[in-house]
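Okay, structure first, notes after.
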Amino acid sequence: MSRLRRFLARLLTVIRPGRQDASFEREIASHLMMLEDEYRRRGMSNDHARRAARLALGGVEQTKERHRDARSFRWLDDARRDAIYAARMLERNPLATATAVLSLASGIGLNAAIFSIVDWVLIRPLPYPAPHQLVRVMTAGTAPVTGPAALTHSEFVAFAASTAFREAAAFSTATRVMAGAGVDPVHVAVSRMAGDLFATLEVLPEIGRPFTREELSGGAPVVILSHQLWARRFSEDPSIAGRPITIDGVHHTVVGVMAAGRAYPRDADLWRPLLASEREDDDRDLSMIARLERDAVAARASVELATVARSISNGVRTAWADDVQRTDAGNVRSALQALFAAALLTLLIACANVAALIRTRGADRTAEMAVRGALGATRARMIAQLMTETLLLAVAGGAFGLMFGRWALTAMVAIAPVSVPRLTEISLDIRILGIGVAATMLVGLSVGLAPALRLSRLTTIMPVNRGGWRHTMPRSNGRRVLVAAQVAIAIIVTTGASVLIRSLQHLVTLEHGFAANELAVAELYLRGVFDGDSRQLFRDLTEQVQTLPGVKAAAVSMLPPSRVSGPRAPVRLIGERQIDSPATFRPVSRTYFDTAGIPRTAGRGFTINDNDKAPRVAIVNTTFVRDLLGNRSAVGLRLTTPFVVDSMSIVGVVADVTPAGVPDTPTLYVPVEQTSIGGGYLIVRAYGDPRSIIPELTSSLRIAAPGLAADRVRPLAEDLEESRAVIRFSTEVATTFAGLALLLSTIGVYGLAASEVSARWRELAVRLALGASHREALWTVIRPSAAILAAGASLGILGALSVGPALGSLLDGVGPADVVTMLVSPTLLISVGTLASGFAAMRVLRADPAATLRSD
Amino acid sequence: MPPSGDGSRTELLPGTLELIVLQTLTTMGPQHAYGIAARIEQVAKQSFRLNQGTLYPALVRLEQKGWIKGTWRTTETNREAKYYAITRAGTRALADEVDRWHRSAGLVNRLLAGEVE
């Protein structure tokens with residue numbers, strides 16, 4: 001107790017040093033006075049008494065020192081003094097200090113922001129018990145080879161029986177329309193589950209109950225809502241359980257609400273059991289998730305799954321299990337890793353700037369250090385004082401960095417692709433704040449220690465009384481190495497960013513094969529919400545919308561032109577054998593091709609005469625002609641498909657669509673008038689920006705078909721943007737890093753040139769006085785910087801070439817060793833760097849050599 | 001501190017000064033630093049060498065521990081001085097310290113006696 005009390009008292013004294021000093025002065029004075037009184041009483045003279053009193057006390061100053069030692073923490077007191085002194089030193093050079101602090105702040109801030117994202121997306125365990133046991137199961141074809149695909153229900157049943165799994169479930173998410181008493185019809189993502197998804201994840205609803213085994217196996221009409229849907233559409237009604245709603249017109253009962261952040265898949269609005277009929281359809285549209293047995297590992301499960309998959313598919317399919325978190329992160333993973341690396345590199349450049357600042361400061365202060373050394377300051381004390389200054393810089397950089405990081409994180413999350421998992425949850429948390437501060441301290445120590453040691457060694461050999469101490473300062477190559485390294489790192493970062501920019505440019509300029517930037521789409525989902533004649537509805541809607549101001553054309557299609565995959569129809573040419581691979585089946589209204597801007601290459605389009613009574617017709621695309629017909633003339637050929645009752649004749653050929661560069665599949669277009677579809681898309685072409693017609697379009701949809709959910713109306717370009725989202729995000733963030741890296745390394749180059757000028761000021765003055773031309777003088781100063789820039793650039797190009805392949809998976813239409821970028825970024829850096837050093841050297845031109853020489 | 005050539009004077013054992021101060025304040029009541037020093041010198045009868053300044057660190061430590069408390073008052077000779085008084089916690093602590101001193105001194109004495117035999 002008394003010990004703690006004393007500790008606190010000493011701490012308090014460190015913080016408020018002045019008060020007790022004054023009080024102690026008074027006490028000492030009174031003590032001396034009483035001693036003097038005593039000595040005088042014994043008959044000493046005033047002078048003698050004073051001397052004797054001081055002797056008896058044992059020295060006034062020593063007593064004060066001892067008192068100070070006892071009443072406070074000496075080292076802490078020293079640290080406080082050092083901090084005040086350091087703050088004053090930094091204040092004296094505000095520009096350099098601001099540069100260093102802002103360099104550090106931007107480096108630390110970006111790192112904190114990127115690290116937060118990396119942490120949430122790649123590192124932080126999923127919010128389920130024992131998340132490492134959760135795996136995704138995927139299948140692929142082995143003959144022919146196909147990419148990773150979803151599962152059929154029968155595959156799921158076979159895989160779920162694996163001994164490696166404790167519990168397994170599969171789900172398929174599709175858009176449906178939800179309605180009900182007091183709920184406007186709304187499109188919702190419905191996740192239909194086979195097996196018990198929530199039991200696999202080991203999560204419980206926050207309200208209500210989970211599905212029972214009976215409900216799951218019987219496909220009962222019950223749903224669990226997502227927290228978000230519950231909040232948005234049901235105003236967080238706490239008594240939601242038991243409430244009836246309809247999905248596609250079918251009655252369902254809400255039994256629970258899933259907790260926020262626990263739902264899986266994250267984009268699902270509600271869950272219901274898979275129906276018996278859906279199980280029988282056995283569509284390949286299920287995503288499987290399983291929980292491993294306690295001692296099982298994904299690799300072993302994969303072996304078993306592959307065997308099962310082979311045996312149930314006659315040897316043409318395989319299957320495997322992989323960690324859920326890794327699978328979900330997908331190609332965001334490599335993007336984030338690359339960005340994190342770029343952030344770290346940028347921080348390195350910033351640190352080099354701080355190191356350079358401290359070195360220069362140290363050089364300027366050699367004389368002062370020499371004096372202090374001569375007066376008996378210990379090396380440890382001098383190092384401590386220099387370290388304090390560095391630490392102060394680092395802490396200020398860290399503090400600003402965390403502010404900056406908060407801001408940068410918000411900005412990054414705002415532009416991040418929706419495919420980044422857990423995006424809404426990401427925040428700059430305490431742990432990351434801690435890492436930021438720790439990184440700051442590390443930077444401070446590593447940056448401060450080397451110059452401090454160098455300086456303290458110097459002082460022991462430095463003559464104090466020579467004004468020319470500057471001459472004896474040994475030239476150090478350290479700074480040049482630092483700047484060359486900065487340049488090299490900056491080139492690596494800018495090269496990476498420019499490769500990404502080139503790749504994005506490539507993606508942006510890709511031909512879509514249709515007028516992507518003039519189209520708006522409205523989803524029309526009819527099943528259960530509209531029971532009239534859908535063809536009449538399509539005709540009415542199209543006509544009505546066409547009269548809206550700003551609308552050029554309108555059409556209806558089962559699939560938007562931004563999607564090349566869809567229902568696959570097996571096709572048979574009349575009089576010939578079945579064609580091997582099926583074609584994508586696309587019912588469209590007759591105005592579709594003109595509205596979407598897809599050019600016709602042969603035959604005719606659909607007309608008003610191609611109605612339900614008329615002979616069946618079809619239009620195929622170029623890929624169909626090439627892949628399925630072997631480039632024969634298509635017009636006039638007749639074919640059948642199970643999707644259309646009668647045989648059809650091909651009346652025309654249209655060009656392929658290539659949304660965001662994705663190649664088209666063989667496609668069979670049929671008129672909506674001659675088939676029946678349960679929904680689709682209203683495609684509207686605007687004069688100019690489609691955003692301008694969206695409000696009108698939405699309200700006219702509401703009026704024309706009040707039962708329809710008119711909540712998904714958007715520019716079609718948004719869909720295309722989604723496919724580029726990851727690369728766009730990486731490019732934007734990487735470009736920021738590159739800009740920063742360029743700026744920071746330019747500061748480094750400038751600083752080097754400026755110190756070169758200072759160090760050789762006298763020499764330059766002499767040269768100029770002896771008649772050297774300004775150009776020669778300038779060149780003397782610029783030459784070392786140019787050499788360092790060249791060395792750094794060469795190193796940087798080598799570095800960029802060796803780290804480039806890491807970006808490979810992110811790139812499209814451009815290689816990691818792209819020649820253009822390999823030339824652009826070094827050229828940019830060298831020119832900016834030379835400019836900066838030239839700028840620093842301009843001082844030479846303005847100087848009056850005579851004045852400089854006189855000043856010595 | 002320069003060593004004194006005077007071999008007849010003894011340095012205090014570290015830590016004992018606090019004990020002495022506490023005991024002095026208990027016997028004499030509130031006293032200023034000079035008064036405490038004078039009392040110690042009187043009791044020591046020249047056998048201990050005391051730099052009066054060395055009292056202060058001990059006083060600070062005791063005050064920070066809350067065992068003594070200083071207040072400014074006027075002396076009989078009309079001088080201003082800081083008077084230290086032992087607190088209740090100080091009285092308790094003194095009992096403990098005295099006890100400890102007896103035990104450690106006893107141990108040292110017994111050991112030394114053993115050596116001599």
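Keep in mind that this is a model prediction, so the values were computed, not measured. Numbers restart at 1 for each chain; the letters A, B, ... are given by sequence-line order, proteins then strands.
Within a 6.0 Å sphere centred on CZ of A/R40, other residues, nucleotides and ligands contribute more than 12 heavy atoms. Other residues, nucleotides and ligands contribute over 12 non-hydrogen atoms within 6.0 Å of the CZ atom of A/F24.
Of the listed residues (A/L32, A/L35, A/T63), the greatest number of heavy-atom pairs within a distance under 4.5 Å of chain B belongs to A/L35. When each of A/M34, A/E38, A/R26 is checked for heavy-atom pairs under 4.5 Å with chain B, A/R26 comes out on top.
Using a 4.5 Å cut-off between heavy atoms, B/R61 touches chain A through backbone and side chain atoms alike.
For the atom pair CH2 of B/W72 and CD of A/E27, the computed distance is 5.5 Å after rounding to the nearest 0.5 Å.
The two residues A/S23 and B/K82 make their nearest non-hydrogen contact at OG-NZ, 4.2 Å.
Taking the six-membered ring where tryptophan is involved, the planes of A/H31 and B/Y34 are perpendicular, since the angle between them exceeds 60° and thus also 30°.
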